[in-house]
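In what follows, a structure is listed as C-alpha coordinates, so that the remarks can point back to it.
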Amino acid sequence: MADDKDLKIDDKGKGNKKIIIIAVILVLALVGGGAAFFFLSDNSAAADSSGVVTETVDKTINETAYYVALPRPFVFNIIGLKRERLVQIKVQLMVRGSDNKDLAKANLPLIESTLLQVFSATTEQQLATYQGKELLRADSLTNVNEILTKYTGKGVVEKILFSGFVMQ
(Lines give C-alpha, C1' and ligand atoms only; values in the text may rest on other atoms or scores of the structure.)
Protein backbone atom coordinates (compact mmCIF):
# COMPACT_ATOMS: atom_id res chain seq x y z
CA MET A 1 0.00 0.00 0.00
CA ALA A 2 2.83 2.32 0.65
CA ASP A 3 3.92 1.72 -2.92
CA ASP A 4 0.48 2.77 -4.23
CA LYS A 5 0.62 6.08 -2.34
CA ASP A 6 4.09 6.81 -3.70
CA LEU A 7 2.87 6.04 -7.21
CA LYS A 8 -0.08 8.40 -6.92
CA ILE A 9 2.06 11.22 -5.60
CA ASP A 10 4.56 10.77 -8.42
CA ASP A 11 1.82 10.71 -11.07
CA LYS A 12 0.37 13.93 -9.66
CA GLY A 13 3.78 15.63 -9.78
CA LYS A 14 4.28 14.53 -13.39
CA GLY A 15 0.88 15.95 -14.35
CA ASN A 16 1.76 19.35 -12.88
CA LYS A 17 5.07 19.34 -14.72
CA LYS A 18 3.30 18.61 -18.00
CA ILE A 19 0.88 21.49 -17.48
CA ILE A 20 3.74 23.87 -16.69
CA ILE A 21 5.70 22.77 -19.76
CA ILE A 22 2.65 23.19 -22.01
CA ALA A 23 1.95 26.64 -20.54
CA VAL A 24 5.55 27.74 -21.13
CA ILE A 25 5.43 26.49 -24.72
CA LEU A 26 2.16 28.39 -25.34
CA VAL A 27 3.58 31.61 -23.90
CA LEU A 28 6.72 31.32 -26.01
CA ALA A 29 4.63 30.66 -29.14
CA LEU A 30 2.47 33.74 -28.47
CA VAL A 31 5.49 35.96 -27.84
CA GLY A 32 7.21 34.64 -30.97
CA GLY A 33 4.09 35.24 -33.08
CA GLY A 34 3.75 38.79 -31.77
CA ALA A 35 7.40 39.52 -32.48
CA ALA A 36 7.10 38.11 -36.00
CA PHE A 37 4.02 40.25 -36.66
CA PHE A 38 5.80 43.35 -35.37
CA PHE A 39 8.90 42.87 -37.49
CA LEU A 40 7.13 41.71 -40.65
CA SER A 41 4.35 44.32 -40.68
CA ASP A 42 4.32 46.93 -43.48
CA ASN A 43 5.56 50.33 -42.31
CA SER A 44 4.63 52.31 -45.44
CA ALA A 45 1.44 53.55 -43.79
CA ALA A 46 0.97 53.90 -40.05
CA ALA A 47 -2.40 53.43 -38.37
CA ASP A 48 -3.09 54.65 -34.87
CA SER A 49 -5.66 53.29 -32.41
CA SER A 50 -8.47 55.40 -33.88
CA GLY A 51 -7.99 53.78 -37.29
CA VAL A 52 -6.50 56.89 -38.88
CA VAL A 53 -4.00 56.04 -41.60
CA THR A 54 -1.32 58.64 -42.20
CA GLU A 55 0.65 58.85 -45.39
CA THR A 56 4.39 58.93 -44.95
CA VAL A 57 7.32 59.96 -47.05
CA ASP A 58 9.67 57.21 -48.30
CA LYS A 59 11.67 56.26 -45.20
CA THR A 60 14.11 54.06 -47.08
CA ILE A 61 16.16 57.17 -47.83
CA ASN A 62 19.03 57.18 -45.36
CA GLU A 63 19.16 60.94 -45.01
CA THR A 64 19.28 63.03 -41.89
CA ALA A 65 16.01 64.19 -40.39
CA TYR A 66 15.67 67.98 -40.25
CA TYR A 67 13.10 69.92 -38.28
CA VAL A 68 11.72 73.09 -39.84
CA ALA A 69 10.08 75.29 -37.22
CA LEU A 70 7.32 77.51 -38.49
CA PRO A 71 8.22 81.09 -37.51
CA ARG A 72 5.10 81.88 -35.50
CA PRO A 73 2.37 79.86 -33.78
CA PHE A 74 -1.07 79.47 -35.31
CA VAL A 75 -3.70 81.39 -33.37
CA PHE A 76 -7.35 80.92 -34.32
CA ASN A 77 -10.86 80.79 -32.90
CA ILE A 78 -13.15 77.78 -32.86
CA ILE A 79 -16.78 77.64 -31.88
CA GLY A 80 -17.35 75.63 -28.71
CA LEU A 81 -20.50 74.29 -27.10
CA LYS A 82 -20.83 77.17 -24.65
CA ARG A 83 -18.52 79.84 -26.06
CA GLU A 84 -15.81 80.53 -28.59
CA ARG A 85 -12.38 79.15 -27.81
CA LEU A 86 -8.97 80.54 -28.67
CA VAL A 87 -6.43 77.95 -29.84
CA GLN A 88 -2.67 78.34 -30.26
CA ILE A 89 -0.59 75.62 -31.95
CA LYS A 90 3.18 75.69 -32.49
CA VAL A 91 4.23 73.47 -35.39
CA GLN A 92 7.44 71.91 -36.63
CA LEU A 93 7.85 69.91 -39.83
CA MET A 94 10.08 66.85 -40.05
CA VAL A 95 11.74 66.36 -43.44
CA ARG A 96 14.56 64.13 -44.70
CA GLY A 97 17.63 65.64 -46.37
CA SER A 98 18.87 69.19 -46.75
CA ASP A 99 17.24 69.57 -50.19
CA ASN A 100 13.83 68.81 -48.71
CA LYS A 101 14.54 71.19 -45.81
CA ASP A 102 15.30 73.99 -48.28
CA LEU A 103 12.16 73.17 -50.28
CA ALA A 104 10.01 73.29 -47.15
CA LYS A 105 11.55 76.60 -46.04
CA ALA A 106 11.02 78.11 -49.48
CA ASN A 107 7.33 77.19 -49.36
CA LEU A 108 6.54 78.19 -45.76
CA PRO A 109 3.76 80.66 -46.71
CA LEU A 110 2.01 77.91 -48.70
CA ILE A 111 2.41 75.45 -45.82
CA GLU A 112 1.20 77.99 -43.25
CA SER A 113 -1.88 78.81 -45.32
CA THR A 114 -2.76 75.15 -45.73
CA LEU A 115 -2.30 74.41 -42.03
CA LEU A 116 -4.42 77.40 -41.02
CA GLN A 117 -7.26 76.14 -43.25
CA VAL A 118 -7.07 72.67 -41.72
CA PHE A 119 -6.81 73.96 -38.15
CA SER A 120 -9.68 76.42 -38.44
CA ALA A 121 -12.01 73.69 -39.72
CA THR A 122 -11.76 71.73 -36.45
CA THR A 123 -14.19 71.73 -33.57
CA GLU A 124 -13.79 72.04 -29.83
CA GLN A 125 -14.88 68.41 -29.37
CA GLN A 126 -12.19 67.21 -31.77
CA LEU A 127 -9.40 69.17 -30.10
CA ALA A 128 -10.46 68.04 -26.62
CA THR A 129 -9.40 64.40 -27.22
CA TYR A 130 -6.11 62.75 -28.03
CA GLN A 131 -7.65 60.94 -31.01
CA GLY A 132 -8.98 64.24 -32.33
CA LYS A 133 -5.53 65.82 -32.13
CA GLU A 134 -4.01 62.83 -33.93
CA LEU A 135 -6.70 63.12 -36.62
CA LEU A 136 -5.85 66.81 -36.98
CA ARG A 137 -2.15 65.95 -37.30
CA ALA A 138 -2.91 63.29 -39.97
CA ASP A 139 -5.19 65.66 -41.93
CA SER A 140 -2.53 68.36 -41.75
CA LEU A 141 0.16 66.02 -43.07
CA THR A 142 -2.03 64.84 -45.93
CA ASN A 143 -3.07 68.36 -46.96
CA VAL A 144 0.44 69.82 -46.72
CA ASN A 145 1.95 67.04 -48.84
CA GLU A 146 -0.89 67.32 -51.39
CA ILE A 147 -0.39 71.07 -51.82
CA LEU A 148 3.39 70.72 -51.98
CA THR A 149 3.07 67.99 -54.60
CA LYS A 150 0.70 70.19 -56.60
CA TYR A 151 3.03 73.21 -56.65
CA THR A 152 6.52 71.70 -56.36
CA GLY A 153 6.02 68.15 -57.63
CA LYS A 154 7.21 66.68 -54.34
CA GLY A 155 5.59 66.04 -50.95
CA VAL A 156 8.55 66.36 -48.58
CA VAL A 157 7.03 66.47 -45.09
CA GLU A 158 7.39 63.19 -43.21
CA LYS A 159 5.75 64.29 -39.95
CA ILE A 160 3.98 67.29 -38.52
CA LEU A 161 4.83 67.84 -34.88
CA PHE A 162 2.82 69.95 -32.44
CA SER A 163 5.49 71.48 -30.21
CA GLY A 164 2.95 73.63 -28.38
CA PHE A 165 -0.81 73.30 -28.00
CA VAL A 166 -3.02 75.64 -25.94
CA MET A 167 -6.83 75.86 -25.97
CA GLN A 168 -8.58 78.48 -23.81
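- In the hydrophobic clustering, Leu86 connects to Val75, either directly or through intervening members, whenever side-chain heavy atoms lie under 4.5 Å apart.
- Residue pairs meeting the ring-ring contact (aromatic ring centres under 6.0 Å, His included) criterion with at least one partner in residues 85-118, sequence neighbours excluded, do not occur; the list is empty.
- There is no path of hydrophobic side-chain contacts, each under 4.5 Å, that joins Val166 to Phe76.
- At least one side-chain heavy atom of Leu108 sits under 4.5 Å from a side-chain heavy atom of Val68.
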* Could you walk me through whether Phe74 and Gln88 pass the side-chain contact (heavy atoms from CB on, under 4.5 Å) check? -> CA-CA 5 Å; Phe74 293 91; Gln88 177 182 352; over 6 Å; no
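- Shown here are the side chain to side chain donor-acceptor pair (under 3.5 Å) partners of Lys133, two or more places apart in sequence or in another chain: there are none.
- Using a distance-only test at 3.5 Å, with no hydrogens or angles considered, no donor-acceptor pair links the side chain of Asn77 to the main chain of Val87.
- Taking the side-chain contact (heavy atoms from CB on, under 4.5 Å) definition, one finds that Gln125 meets it with Leu81, Thr123, sequence neighbours left out.
- Judged as a salt bridge (charged side-chain N to carboxylate O under 4.0 Å, His left out), the pairs with a partner in residues 114-126 (not counting sequence neighbours) are, in order, Arg85-Glu124.
- In the hydrophobic clustering, where aliphatic and aromatic side chains (Ile, Leu, Val, Met, Phe, Trp, Tyr) are joined below 4.5 Å either directly or transitively, Met94 groups with Tyr67, Leu161.
- For Tyr66, there are no ring pair (Phe, Tyr, Trp, His ring centres under 6.0 Å) partners at least two apart in sequence or on another chain.
- Between Val144 and Leu110 the shortest side-chain heavy-atom distance does not fall below 4.5 Å.
- Considering Asn145, Leu93, Ile160 as possible partners of Ile111, the one that fulfils the side chain to side chain contact (heavy atoms under 4.5 Å, CB included) test is Leu93.
- For Ala106 against Pro109, the heavy-atom pair with the smallest separation is O-CD, 4.3 Å.
- Considering all non-hydrogen atoms of both residues, Val95 and Ala104 come closest at CG1-CB, 4.3 Å.
- Identified under the salt bridge (charged side-chain N to carboxylate O under 4.0 Å, His left out) test for residues 100-113, with sequence neighbours left out: Arg72-Glu112.
- Here Asn143 pairs with Thr114, Val118, Glu146 under the side-chain contact (heavy atoms from CB on, under 4.5 Å) rule; sequence neighbours left out.
- Here the side chains of Ser140 and Phe119 are in contact, with some heavy-atom distance below 4.5 Å.
- Residues forming a ring pair (Phe, Tyr, Trp, His ring centres under 6.0 Å) with Phe165 (at least two apart in sequence, or on another chain): none.
- Atoms NZ and CZ, from Lys159 and Arg137 in turn, are 8.5 Å apart once rounded to the nearest 0.5 Å.
- In this structure, the separation between CG on Leu116 and CG on Leu70 is 11.0 Å, given to the nearest 0.5 Å.
- Taking the side-chain contact (heavy atoms from CB on, under 4.5 Å) definition, one finds that Ser163 meets it with Lys90, Gln92, sequence neighbours left out.
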* **Ile78/Met167 under side-chain contact (heavy atoms from CB on, under 4.5 Å): CA gap, chis, key distance, verdict** => CA-CA 10 Å; Ile78 57 172; Met167 182 168 66; 3.9 Å; yes
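- Between Leu135 and Thr129 there is no side-chain heavy-atom pair separated by less than 4.5 Å.
- With sequence neighbours excluded, the residues forming a side-chain contact (heavy atoms from CB on, under 4.5 Å) with Thr152 are Leu103, Asn107, Leu148, Lys154, listed by chain and number.
- Counting heavy atoms from C-beta outward, Arg96 and Thr64 have side chains that stay 4.5 Å or more apart.
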